[in-house]
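Bear in mind that the values here come from a model prediction, so they are computed numbers and not experimental data.
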Amino acid sequence: MTNAPNTPNAPLPPLTVAVLGPGGVGGLLAALLSRAGHRVLCLAGEETARTLRTDGIQVRSALFGDFTASVEADTVLREPVDACLITVKATALDAALTRIPPTALGDALLVPFLNGVEHPALLRARYSPDRVAPSVIRVESTRLAPGLIEHGSPFAEIDLTGAKVPRPRLEALAEALTAAGPAARVLDDETTALWAKMSFLAPLALLTTRYGLPLGETRTRHREELASLVAETAAVSRACGAPADPARTLARYDSFPPTTKSSMQRDAEAGRPLELDAIGGALLRAADRHGVPVPVTARIVRELRESAGGR
């Protein structure tokens, strides 16, 4: 990745960005980056890759507009890139990583936008630790079909982190993403960034999926359980070294449209594998390591495991 010239407001040169998993999040980012003039290479299965090569990615978004963007697509990374965005589900991570051999990745930044807090260690064991940039995206975006993305939230916000990654490279990527549409920033504390999302996502995902209800009904009919999940997750977050504000989390839930659904709930409705271990399992393991009691979380996770069966 080439750094920007030392000229005020000088534009960055176009980047070459690979997107592993062009689904709801990955497809949206791929299309926005392509529209902004960057070269985008989507990595997916052969059928999806063929569709993207032929038809591009169509986005429906009240925030970014309705548009179609051309992208390149392949089943595996075959050349160096500036950055590789990992936007697959946690349940598909191991299989998906075969599409980005370390030898092909070269000096690229590896930027995972995965739910949970345990994936950075896995990635650093496989790839160069100083190129892994665990990051967070806040957005509601759904793949309706290969190459068809519906962006439903009135926002798209990205936090880039990476304690060992050279700061200028993170800032250059943040600038490119922001210019393409999402509001991106670089944060110093990786643990705080990952747990800030976990503290918000875990109670929402676990409870909406457990009862099969959108957020509006969940936050009214199961308010006590929701508050308990939020308090327990915040306690684990603080034990891991990240600040957490339960009252603020509940207030954010109350500000969301009542029809909001978590991605885990949508997966359950579609019969897809659930990210239960990456979210609920990781939360319980962290609680156990730090001796934090989480009885409500443990019960909800157990009930979800029983009802999910093999998913």
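- A salt bridge links R124 with E190: the closest approach of a Lys/Arg side-chain nitrogen to an acidic carboxylate oxygen falls below 4.0 angstrom.
- Listed for the S153 side chain is a donor-acceptor partner under 3.5 Å among the backbone atoms of F155.
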**Asked** Passes salt bridge (Lys or Arg N to Asp or Glu O under 4.0 Å), R99 versus D74? Steps please.
**Response** CA-CA 9 Å; R99 301 190 190 280; D74 205 340; over 6 Å; no
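- With sequence neighbours left out, N115 forms a side chain to side chain donor-acceptor pair (under 3.5 Å) with K197, E275.
- Salt-bridge formation is not detected for the pair D82/R169: no Lys NZ or Arg NE/NH1/NH2 atom is positioned less than 4.0 Å from an Asp or Glu carboxylate oxygen.
- Every residue two or more places apart in sequence or in another chain that forms a salt bridge (charged side-chain N to carboxylate O under 4.0 Å, His left out) with D188 is listed here: R167.
- Between the T103 side chain and the P101 main chain, no donor and acceptor come within less than 3.5 Å of each other.
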Would you list the atom pairs, donor with acceptor, under 3.5 Å between side chains in residues 16-37 and any protein atom, with sequence neighbours excluded?
from: S34; atom 1: OG; to: S70; atom 2: O; distance (Å): 2.5
from: R35; atom 1: NH1; to: F64; atom 2: O; distance (Å): 3.1
from: R35; atom 1: NH2; to: F64; atom 2: O; distance (Å): 3.3

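- A donor-acceptor distance shorter than 3.5 angstrom exists from the side chain of T260 to the backbone of P257, with no hydrogens or angles considered.
- Heavy atoms only, all atoms of each residue included: T209 and S262 are closest at OG1-OG, 3.7 Å.
- For R126, the salt bridge (charged side-chain N to carboxylate O under 4.0 Å, His left out) partners at least two apart in sequence or on another chain are D94.
- Across all their heavy atoms, A205 and I279 have their closest contact at CB-CD1, 4.4 Å.
- The residue from L105, D107, V111 that alone fulfils the side-chain contact (heavy atoms from CB on, under 4.5 Å) condition with R131 is D107.
- Residues Y127 and V165 are members of separate hydrophobic clusters, defined by side-chain heavy-atom contacts under 4.5 angstrom among Ile, Leu, Val, Met, Phe, Trp and Tyr.
- Two different hydrophobic clusters hold V81 and V76 under the rule that ILVMFWY side chains link at heavy-atom gaps under 4.5 Å.
- For the pair S199 and T233, the tightest heavy-atom approach, listed with the atom from each and the gap, is CA-CG2, 3.5 Å.
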**Request:** Could you please spell out the steps behind the side-chain hydrogen bond (donor to acceptor under 3.5 Å, both in side chains) verdict for Y211 and E225?
**Result:** CA-CA 11 Å; Y211 292 111; E225 281 179 294; 2.7 Å; yes
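- Pairing each heavy atom of T178 with each of A183, the nearest pair is OG1-C, 4.1 Å.
- When atom types are taken as modelled, the side chain of T54 and the backbone of T51 share no donor-acceptor pair closer than 3.5 angstrom.
- Residue R39 comes nearest to E72 through the heavy atom pair NE-OE2, 2.7 Å, listed as atom of the first residue, atom of the second, then distance.
- Grouping the Ile, Leu, Val, Met, Phe, Trp and Tyr side chains by contacts below 4.5 angstrom, directly or via other members, places M198 with L206.
- Residues passing the salt bridge (charged side-chain N to carboxylate O under 4.0 Å, His left out) test with R238, sequence neighbours excluded: none.
- Remark: the backbone N or O of D66 is not paired with any side-chain donor or acceptor of R60 at under 3.5 angstrom.
- Using a distance-only test at 3.5 Å, with no hydrogens or angles considered, no donor-acceptor pair links the side chain of E46 to the main chain of T75.
- Residues forming a side-chain contact (heavy atoms from CB on, under 4.5 Å) with P295 (at least two apart in sequence, or on another chain): E232, P293.
- Note on L114: it does not cluster hydrophobically with L109, by side-chain heavy-atom contacts below 4.5 Å among ILVMFWY residues.
- A salt bridge does not link D130 to K164: none of the charged side-chain nitrogens sits closer than 4.0 Å to a carboxylate oxygen.
- Without hydrogens or angle criteria, T161 side chain to P134 main chain gives a donor-acceptor distance under 3.5 Å.
- Checking side-chain atoms of R219 against main-chain N and O of Y253 turns up a donor-acceptor pair under 3.5 Å.
- A single hydrophobic cluster is not seen to contain both F113 and V88; linkage of ILVMFWY side chains at heavy-atom distances under 4.5 Å, directly or through other members, places them apart.
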